[in-house]
Each structure stands twice: as C-alpha cells, then as structure tokens.
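Only this structure's heavy atoms are used, side chains among them; waters, hydrogens and symmetry mates stay out. Because the structure is a prediction, the values reported are computed rather than measured.
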Amino acid sequence: MDFLANHILSVVLFTPLVGALLLLFIPRENEQAHKIAGNVFGTLGFLVSLPLLRWWNPGNKPFSFEELADWIPSIGAKYHLGIDGISLLLVMLTTFLGMIAILSSWSAIHQRTKEYYILLLLLQTGMIGVFVSLDFFLFYVFWEVMLVPMYFLIGVWGSDRRLYAAIKFFLYTLAGSVVMLLAILALYYYAPVQAGGTRTFDVPTLLAAAQHFSDPLRVWLFWGFFFAFAIKVPMFPFHTWLPDAHTEAPTAGSVILAGVLLKMGTYGFIRFSLPLLPSDPLLRHKIIQIVIVLSIIGIIYGALVCLMQKDMKRLIAYSSVSHLGFCTLGIFALSGSVLQQINHGISTGALFLIVGVLYERRHTRLISEFGGLATPMPNFAAIYLIISLSSLGMPLLNGFIGEFTILQGAFQVSKAWAAWGSLGVVLGAAYLLWLYQRVMFGPVTQFANEDLPDLNLREYATLVPLVILAFWIGIYPKPFFALIEKPVENIVRQVNPNFYSAEHAKLPPAELRAATAEAR
C-alpha cells in the first residue's frame, strides 16, 4: 500500500502500457483473448485511478501526488509527475472514457484485433502522461507518443478515406508540435541557470522564470505554444483536420479523439499559455481579443456548418469545433472552462457512441438513410434524447452548467462576447434537435426498421454511465467546482495579479464571490 500511495500516478500512467505489453504475447489468432485482455486492462486502468479521488488532499501545495527522479541529468530532464484539481479531472475523464471506448469496440473490430487493442492502450498511456507531466521534456515525449497510435487507429481501422484523414491529422499535429518544441527550448535557454550550473525542464520553475522575461519574448513564447494548442483543440482556422479524422476514425477512436485528445489543447492553454501572457495590460488585452474573436468565429461557424451536414458523424465533429469555441472563450475571458471541457467529453463522446450503435446496425452514417427509429428502438431513443439535450445545454444536465458559467463570466467582461456566444447556444439546439427529429421521428426509409434491435447489455454499459454523469454534474456540480477552485485561482493570479485584491482576501466567502464578480 505504501508503494501505491507514493507512486499512484506512475501506476495510473503505466497500467495501460503493461496491458499493451502483455497483449504482445497473446497469439494473433486468439481474437477473443485480445478482446478480453483489452477490456480487462481498460477497466483496470480506470479502477487504479479511483484512489486519486479518495486520497485527494492538496493542502497548500500547488501539485499533489508528486514523483521526482533523475532521468537525463546531462540536460536537466527529470521524471517529474504531479497533478492539481484541473489535471485530476482530466485524468479521471481519460481513464473513464478509455474504458468505455475499449468496451464499445467489442463487436465493431474484426480484423487485426491484437494490434487494435495494443494501440488503444498505448494511446491511453500517452494521454495520461500529458496531463500528469511536470517536466517539459517528459510532457513533449508523451505529446508526441500519442500521435502514433491515433494515426494507425484512423489509418488502419477507419472508413473509406482513412489514409487521407490519418495523414492530415498527423501532419497538422506534428506542425504544431515542432513550433511548441522551439518555444520549450527558448524557455529552457532563456531561464536562469540553476545551482550547480545546470539547466532544467521543470514546468513550475520555467513558468516562474518566464514571469521575469521581457514582454516581446513572452509574446513570442505565447504564440509558439498557442499554435500547437490551437491545432489540437482545434480552433478556427486550424480546425480542418478534425471533421475528416472524426468521420473516418472507428467509433472508439472518435470517442477518445473528442473526449480526451482535444482537451490536451485546452489543458495546454490553461497550464502553459495563460502564464506566458505579457505583463503589459494593453498588449495582453490585444492578444486576448484576438483569441476571443477566433473562439466566437469557431462557435458560430461550427454551428452553421453542422446545419448543412448529411453525415451524422461529420455533424457531431463540427459540433466539437463550436463547443470547444466556448471552452477557449471561457479560458481567455477568465470566466470558467474546465468543467465545460469535462462536459464536452461526456456529451460528445456519448454522441459518437450513439452513431456507432446505428452504424453497427445499418453500416451507414447518412442521415437520409434513417427515420422512425423511435418505434423499434425506444430505449435507444430515450438515451439519445438525454444526450442531445445535454449537449445543447438543457438545465439539469451537465452542458447547461458549463455554458452558463462561461457566458456569465464573459458577460461581466464584455456583453458583446456573451451575446455572440449565446447565438452559438441557439444554433446548437437547432442542429441537434433537427438531427434527432430526422433520425428518430422522420419518414421511415426503405429499410425495415422492425429488424433493428434495441440496445444490448454492452451498449447500455457504455451509455448509461455517461447519462448518470450528465445528470450528476447538471444537478450537483459542487464537487467538481471544489476540485478546480484553487488551481484556477492560482492561474488567474499569475495572469492578472490585480484580479484578487488584498482587501478581497479578507472578506468572508460570500462577499469574496461578490467582489470577484464585480472585479470581472
């Protein structure tokens, strides 16, 4: 137990990797064993992450469960892991959606199952590593490692245009990664030399040193990281790889891509980009305005394009462009975003699972090929409706809490930002409800709907937990806000030291919240 308590992040990080290595020794012909082993380690990966919630007690430290060991001493790279409330939620989302994505593949993958489950587990390790790394060199390694499994998942098990989508995804992300590497090296060389004449890649140390850099240097560093994270989110106009990747990827790949991979970009904005904003208020405001305008364009553009789609998967892919525009709006308006990132992972991940359910039955994703499915599949129709309402932001469901906090905070900063963002909410309701109406209650197509079975036990196991989470966050979000309150406050103090005045710190909690709202 002492080892587990002291190395819990390493256990969570490498459990999927251990599963991938064990799968190497299972004969290729034993397809059933691959499925069982993949699901066992997917579930185990989630179970070993649960102690993080039970043992969570951050105290006064910025990061918890820290692990530190020398890795490459000659360049100052260390094996340094740690999490705060933001990365804790993203790690839990990763392990949870990873387990569900692996389970959803049981009857969908029939070729090269051994390689498929190995790549899914390797992808899981890469994504967790991004969220727990506190060393820039280690962070970059995991950031790049994640590319390879997703490339093959799209390129081998995807749809008709899978190679085009896989190469486009790889090239876009690699381009952003190269620019980010240059920014990391600039941080590394411009930071003061440590005691003993060595340099370091330590994230807290380098970000603290960056606070003393000149504003022109901080601007260049900001845009270097911004380019990589904007591609990953993806923000307009760097979004064009996403619809192709989503449409061509297998169901599990789409769930992971929407639910977790895109959050690596928003996490990077919060962890690295915000602290690198220049100290000059006017310069900082200009940069924030540029990012906000791109976010609002993404919100409205993504929603309008959704109304024109004929493929269900492509529609949901463009909805991610719109919904993640809300996340970046919240990040740079300092008005909240972390919970909406979790909400997007839950709701959009579930929507891709729903499309996967229909695709396994009809082997098509064209909206025109469906209609009247509510009659043969009533339970599916009920779950689909809940998830659609969750995604469009219906009160008592998770999407409402995230969008409300973002728009509320944006309104306090700029009424125009909130007004344009609200238009995205209206358009989101339009395309999601129109899609639901056509698929579930539209004219019955030439196919025999009576032959379509309702959800089976495995499909319930993938969808019902997401429905429960949607209601939980929508009705009682307090535990989630409590996790992120302190790390968000620390980041806001870095970005805008005047946001919390000394007088506010002396106020009771209720008055402090009112004063904070006034300051915004």
Side-chain angles (χ1 to χ4, degrees), residues 9-24 34-35 37-46 48-49 87 90-106 108-109 112-133 138-158 162 165-170 172-174 176-177 231-232 234 241-242 245-246 248-265 267-268 320 345 348-349 352-353 356 462:
L9 288 183
S10 291
V11 172
V12 174
L13 175 60
F14 292 116
T15 295
L17 179 61
V18 171
L21 293 175
L22 290 177
L23 274 167
L24 290 173
H34 300 150
K35 293 180 179 180
N39 279 275
V40 165
F41 278 95
T43 305
L44 188 60
F46 173 65
V48 297
S49 68
S87 41
L90 290 170
V91 167
M92 296 306 301
L93 178 70
T94 304
T95 59
F96 180 66
L97 284 182
M99 173 183 68
I100 287 177
I102 292 173
L103 181 59
S104 73
S105 306
W106 187 276
I109 304 300
R112 299 177 177 172
T113 54
K114 177 177 182 176
E115 293 86 349
Y116 177 82
Y117 285 103
I118 288 174
L119 290 171
L120 269 183
L121 292 170
L122 287 176
L123 180 61
Q124 191 84 338
T125 291
M127 295 184 299
I128 294 172
V130 166
F131 297 131
V132 302
S133 296
L138 187 65
F139 169 83
Y140 189 78
V141 168
F142 283 119
W143 182 277
E144 291 295 282
V145 162
M146 169 278 309
L147 281 179
V148 178
M150 182 54 75
Y151 169 81
F152 284 109
L153 286 170
I154 298 172
V156 176
W157 292 274
R162 56 186 178 271
I167 293 172
K168 192 173 182 180
F169 160 76
F170 193 90
Y172 263 73
T173 309
L174 186 62
S177 300
I231 289 174
K232 185 68 75 178
W241 65 268
L242 181 68
H246 266 318
E248 304 305 324
T251 298
S254 295
V255 172
I256 293 296
L257 188 60
V260 182
L261 241 69
L262 307 188
K263 310 307 177 297
M264 291 164 57
Y267 172 77
S320 288
T348 307
F352 278 116
L353 288 172
T462 59

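- Nearest heavy-atom pair, Leu121 versus Gly42, reported as atom, atom and distance to 0.1 Å: CD2-N, 4.2 Å.
- Contact check for Val156 versus Arg162: no side-chain heavy atoms found under the 4.5 Å cut-off.
- Side-chain atoms of Ile231 and Trp241, non-hydrogen and from C-beta on, do get closer than 4.5 Å to each other.
- With sequence neighbours excluded, no residue forms a side-chain hydrogen bond (donor to acceptor under 3.5 Å, both in side chains) with Thr462.
- Remark: Ser320 pairs with His344 by the side-chain hydrogen bond (donor to acceptor under 3.5 Å, both in side chains) rule, at least two apart or across chains.
- Put simply, the side chain of Phe352 does not reach to within 4.5 Å of the side chain of Leu257, judged on heavy atoms.
- Taking Tyr117 as the reference, nothing meets the ring pair (Phe, Tyr, Trp, His ring centres under 6.0 Å) condition, with sequence neighbours excluded.
- The side-chain hydrogen bond (donor to acceptor under 3.5 Å, both in side chains) check on Ser104 picks up nothing, with sequence neighbours excluded.
- Take Phe14 and apply the ring pair (Phe, Tyr, Trp, His ring centres under 6.0 Å) test, not counting sequence neighbours, and it matches no residue.
- The heavy-atom pair separating Thr348 from Ala258 by the smallest distance is CG2-CB, 3.8 Å.
- Within the structure, the salt bridge (charged side-chain N to carboxylate O under 4.0 Å, His left out) test picks out the following pairs touching residues 113-124 (sequence neighbours left out): Arg28-Glu115.
- Between the Thr95 side chain and the Met92 main chain, a donor and an acceptor come within less than 3.5 Å of each other.
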Please test Gln124 against Ile102 for side chain to side chain contact (heavy atoms under 4.5 Å, CB included), starting from the C-alpha separation and ending with a verdict.
-> CA-CA 10 Å; Gln124 191 84 338; Ile102 292 173; 6.0 Å; no
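- Remark: the backbone N or O of Ile154 is not paired with any side-chain donor or acceptor of Glu248 at under 3.5 angstrom.
- In terms of the side-chain hydrogen bond (donor to acceptor under 3.5 Å, both in side chains) criterion, Thr251 has no residue partners (sequence neighbours excluded).
- Proximity of Leu103 to Thr43: side-chain heavy atoms (C-beta onward) are nowhere separated by under 4.5 Å.
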With a cut-off of 3.5 Å and sequence neighbours excluded, list every side-chain donor-acceptor pair involving residues 140-152.
unit_1	atom_1	unit_2	atom_2	d
Tyr140	OH	Ser177	O	3.3
Trp143	NE1	Ser177	OG	3.0
Glu144	OE2	Ser177	OG	2.7

